[in-house]
Amino acid sequence: MAARSLLSHGDYTVGWICALPLEMAAAKLLLDSIHPSLPRPPKDQNTYILGNIGDHKIVIACLPIGAYGNVSAATVAMQLLSTFHSIRFGLMVSIGGGVPTSNADIRLGDIVVSQPADTSGGVIQYDLGKALSGGQFQRIGMLNRPPKVLLTALATLQAHHFTADSRVFEFISEIQAKIKSRTAANFARPTKGDFLYQTEYDHRASATCVDCDKSKLILRPSRDHEEPVIHYGLVASGNQVVKDGKQRDQLAQELGNKEWQGYAAAVAAAYAKDLVLMVPIDQIETTPTARNTLADSVHRFNIPLDLTAVPVIEEFIGRQNELDNLWQYLQPTNSSSRKVAILHGLKNTASDSLRARSFALNRLPGQGWDREATNEGEVEQRARHMLRWLALEGNSRWLIIFDNIDQYSPFNSAADKGYDIAEFFPKADHRSILITSRLQTLSELGKSFPAHRLDSHNSIALLLQSSGLLARNTTSKFDVNPDLLTLTNRLDGLPLAIVIAGAFMRETGTSITKYLQYYQEAWSKLQRQSNPGRQYQQGNMLQTWMISYREIQRRDPRAADLLLLLACFDNRDIWFELLENASNSSEVPDWLERAISSELGFRDCVRPLIEFSLVYTKQQKGSYAMHPVVQDWCVHIASTDKSVDSLQLDELALVCVGYSVPNASERDYTRLEQRLIPHAIAVRNRQYSADNLSILGGFHGLGNLYSDKGKVKEAEEMYQRALAGYEKALGPDHTSTLITVNNLGNLYSNQGKLKEAEEMYQRALAGYEKAFGPDHTSTLDSVNNLGSLYSDQGKLKEAEEIYQPALPNNEKVAHLNASTARRAIKKFALLFK
């Protein structure tokens with residue numbers, strides 16, 4: 001032991017990763033001896049068991065509890081390799097699910113070993129790929145082949161098994177001998193048999209197949225031995241989430257039979273030990289370290305940014321020197337220090353130029369992240385794993401772009417709505433970060449690259465290109481007339497103003513001279529109006545927008561009104577179904593009713609806004625977006641134009657958001673909730689009519705949204721606004737009032753505000769009994785809520801008084817929905833146990 005205490009991180013050559021603590025326990029029991037722990041660097045969050053098998057020194061690590069799948073395994077492996085830099089190869093030793101076929105009679109307790117095939121390294125990620133036409137799926141995710149020293153050992157071990165018994169049973173007996181008798185059964189072979197049902201059979205929802213239809217069994221010949229059979233072939237791995245209830249229950253029975261897990265863990269560990277012992281110790285030193293192999297693969301793993309849905313930029317105009325300077329600063333070098341560039345100003349064309357230069361985006365290998373995250377926890381987990389991967393030593397060829405950072409507050413004060421973007425930087429001090437913003441204060445985080453106005457030459461070129469007149473001119477030699485020079489000077493080199501002016505000329509066939517006349521007329525009127533401030537002067541942009549807006553009003557008044565309504569939402573992601581919920585308003589204007597009558601009609605109404613460059617499509621999401629400056633213009637016009645009812649627009653937006661909040665039973669409800677949060681933030685703090693029922697319904701919907709996302713402060717505020725309005729408009733005992741009262745009770749209960757929760761539940765119960773009687777489902781739900789509250793507090797007498805009248809027989813229980821009934825019966829039974 002004294003000699004082993006002198007071991008260092010560099011002495012360990014084999015990595016062993018488990019998914020479950022049970023598997024780690026089996027691996028630990030098979031170590032010939034256990035070594036003292038070694039210190040870990042701060043960035044390594046793994047916990048290790050160190051030891052040896054024969055002459056091989058082993059590092060065993062386990063995935064965090066509840067964090068399973070390829071993402072977690074990759075993070076654990078990378079941190080292990082960063083700390084133990086002499087690891088030559090790694091083993092993933094874990095419980096899996098078999099897929100029996102006519103060629104592979106796989107049964108519970110058998111061993112499956114990944115083995116490379118002609119076109120595969122042995123492990124295939126079944127949920128990483130791309131959808132093809134006709135419903136086909138092309139898989140593109142697989143792991144590299146194992147190192148040669150391991151494949152040679154695998155071949156030798158297979159040869160031994162052809163001529164002699166494997167040592168798996170010997171090592172399982174070794175496990176049994178090392179553990180106490182009272183826990184030995186954890187790794188023993190179960191006495192219950194292994195049954196295989198027909199693929200199309202839907203299993204009953206239970207932990208075992210006791211109640212399943214035995215006529216659906218597949219008859220298989222019995223084995224004359226209990227030794228596990230070893231199968232070699234391809235292993236499938238993935239992160240796919242099973243959403244279908246029947247499929248989930250079936251997989252839980254087929255793959256999650258806990259009676260076999262201990263034995264399966266022991267068998268897998270026993271085979272792994274047999275394989276490790278087959279690796280000659282003298283070949284270890286000549287095998288490249290996994291860390292160096294990973295570093296080579298990391299530097300090769302460059303996936304080009306997919307620009308399929310991004311409009312092609314035929315010719316980028318202007319700012320070439322600025323872009324060259326930015327690129328020189330950000331491009332990969334041998335330096336290990338981090339580079340942070342702050343690009344601020346009116347940056348649309350600058351962002352386009354970054355895309356046009358095809359910056360490569362490095363992605364965490366083999367994670368199957370083509371599927372969208374389904375909840376906030378998964379989003380947070382993915383972000384955390386990505387940041388850890390970016391921070392790994394040697395993984396330095398990446399660029400992160402934080403686009404359009406509109407709020408910044410490094411102090412995180414309660415009164416400030418901003419946040420500190422630096423909190424989202426990877427922790428390691430290497431590689432490059434680009435932040436685009438209109439906030440000059442962000443320059444304190446890195447080197448400032450201001451996006452200056454275009455010079456006269458490039459302003460003319462951009463105007464001619466966006467107006468469609470470039471075909472009759474060239475960027476080096478223009479057919480220049482005084483009006484062209486005058487107009488570009490008035491537009492002041494601002495790309496957004498130039499593009500909007502050009503779009504107007506392109507769509508209307510207006511000449512430069514005529515547009516200049518419109519511009520000068522609009523300018524004289526705007527001198528008498530206050531301009532919206534957004535941290536830069538934009539008077540000259542405002543009149544370019546006004547000219548386009550008036551033309552849209554003339555062509556299609558619906559589109560002009562729709563533009564002002566769109567500005568009431570968060571500007572980054574607006575879709576038809578969101579606007580369609582305006583039909584829940586008590587006062588839907590005729591123009592909007594026609595616009596949302598069908599998706600085709602909505603698209604027709606949006607088209608002029610796209611043609612005039614005031615709105616753009618987001619093809620990947622099937623939605624629309626608006627430049628924040630255009631949004632500012634719309635808000636300014638809505639507040640200053642007496643013909644516009646700005647209050648009505650705000651109220652329509654609130655109704656749209658509040659009535660779009662889905663029920664938990666709806667498909668992809670978590671994804672929709674995530675999309676709605678920015679819109680909820682945009683609409684919740686405006687002034688609204690207190691007695692408008694559709695507005696109150698909108699508040700209630702926002703309360704449900706915030707409550708489901710765990711934002712209790714915002715949820716309480718929305719519920720209270722809805723409650724005050726309902727009480728005033730409908731009275732304290734109306735069903736809409738009581739629903740909000742009950743939801744407030746749930747919110748208080750989840751917060752631990754038991755007194756407030758009890759008050760709400762009692763009020764809801766009294767109101768429902770008065771309105772519907774004691775046997776109505778709403779009344780019984782309130783009974784269960786209040787009874788559960790009392791029971792959880794230990795107030796058994798009060799709980800009994802609540803439950804006793806409500807549950808005298810099963811007939812009343814039948815009125816409850818299934819989940820509520822089960823909870824109520826369980827609580828009631830516990831009281832009288």
Side-chain angles (χ1 to χ4, degrees), residues 4 7-54 56-96 114 123 143-144 146-147 150 175 235 237 239 261-262 264-266 268-273 275-276 279 284 289-295 298 364-367 381 384-389 391-395:
R4 290 197 182 107
L7 291 174
S8 66
H9 296 91
D11 293 315
Y12 291 86
T13 57
V14 179
W16 183 316
I17 296 179
C18 307
L20 301 173
L22 181 67
E23 300 161 353
M24 192 178 196
K28 177 182 178 181
L29 290 169
L30 284 179
L31 293 173
D32 294 337
S33 61
I34 297 175
H35 301 172
S37 299
L38 291 173
R40 292 177 294 109
K43 292 186 292 186
D44 188 350
Q45 299 182 357
N46 293 340
T47 300
Y48 301 105
I49 294 176
L50 307 179
N52 67 281
I53 292 178
H56 296 282
K57 296 177 180 62
I58 312 290
V59 181
I60 303 175
C62 186
L63 273 57
I65 292 292
Y68 309 122
N70 295 344
V71 177
S72 185
T75 302
V76 169
M78 289 178 180
Q79 292 180 354
L80 186 152
L81 295 180
S82 179
T83 301
F84 296 89
H85 49 81
S86 296
I87 297 294
R88 262 49 179 193
F89 63 84
L91 302 172
M92 182 70 190
V93 186
S94 187
I95 301 168
S114 69
V123 178
L143 296 185
N144 293 330
L150 195 60
I175 291 177
V235 171
S237 179
N239 290 301
Q261 283 188 354
Y271 181 89
K273 179 170 183 175
L275 178 61
V276 168
V279 178
I284 285 291
T289 65
R291 184 178 180 181
N292 290 339
T293 304
L294 176 63
V298 164
L364 182 58
Q367 298 314 306
Q381 183 188 42
R384 183 169 59 251
H385 283 302
M386 176 61 77
L387 291 177
R388 288 177 185 170
W389 178 75
L392 286 176
E393 183 179 352
N395 182 21

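Below, all heavy atoms of this structure are taken into account, side chains as well, without hydrogens, waters or symmetry copies. None of these values were measured; they are calculated from a predicted model.
Scanning all heavy atoms of the two residues, the minimum distance from Ile60 to Ala27 falls at CD1-CB, 3.7 Å. In terms of heavy atoms, Ser33 sits closest to His35 at OG-NE2, 3.8 Å. Taking each heavy atom of Leu80 and Ala61 in turn, the nearest pair found is CD1-CB, 4.0 Å. In plain terms, the two heavy atoms of Lys273 and Leu30 that are nearest each other are NZ-O, 3.0 Å. Considering all non-hydrogen atoms of both residues, Trp16 and Ala272 come closest at CH2-CB, 3.4 Å. Pairing each heavy atom of Val76 with each of Pro64, the nearest pair is CG2-CD, 4.0 Å.
Going from atom CD1 of Ile17 over to atom CG of Leu91 covers 9.0 Å, rounded to the nearest 0.5 Å. Going from atom NZ of Lys57 over to atom OG of Ser8 covers 10.0 Å, rounded to the nearest 0.5 Å. Between the CD1 atom in Ile53 and the CG atom in Leu31 there is a gap of 5.5 Å [rounded to 0.5 Å]. Note that the CD1 atom of Ile34 and the CD1 atom of Ile58 stand 12.5 Å from one another [nearest 0.5 Å].
Counting only heavy atoms from C-beta outward, the side chains of Arg88 and Thr289 approach each other to under 4.5 Å. Side-chain contact between Ile49 and Cys62 is absent, with no heavy atoms from C-beta onward closer than 4.5 Å. In this structure, Leu20 and Ser94 have side chains that are not in contact, with every pair of non-hydrogen atoms separated by 4.5 Å or more. When side chains are defined from C-beta on, His9 counts as touching Pro39, because their heavy atoms get closer than 4.5 Å.
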- Given side-chain contact (heavy atoms from CB on, under 4.5 Å), test Leu50 with Val59 step by step and report yes or no. CA-CA 5 Å; Leu50 307 179; Val59 181; 3.9 Å; yes
*Step by step, would you call Ile284 with Phe89 a side-chain contact (heavy atoms from CB on, under 4.5 Å)?*
CA-CA 9 Å; Ile284 285 291; Phe89 63 84; 3.9 Å; yes
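Taking the six-membered ring where tryptophan is involved, the planes of Phe84 and Tyr48 are perpendicular, since the angle between them exceeds 60° and thus also 30°.
Judged as a side chain to side chain contact (heavy atoms under 4.5 Å, CB included), and not counting sequence neighbours, the contacts of Ala264 are Ile95.
In this structure, Arg40 contributes its side chain and Asn46 its backbone to a donor-acceptor pair below 3.5 Å.
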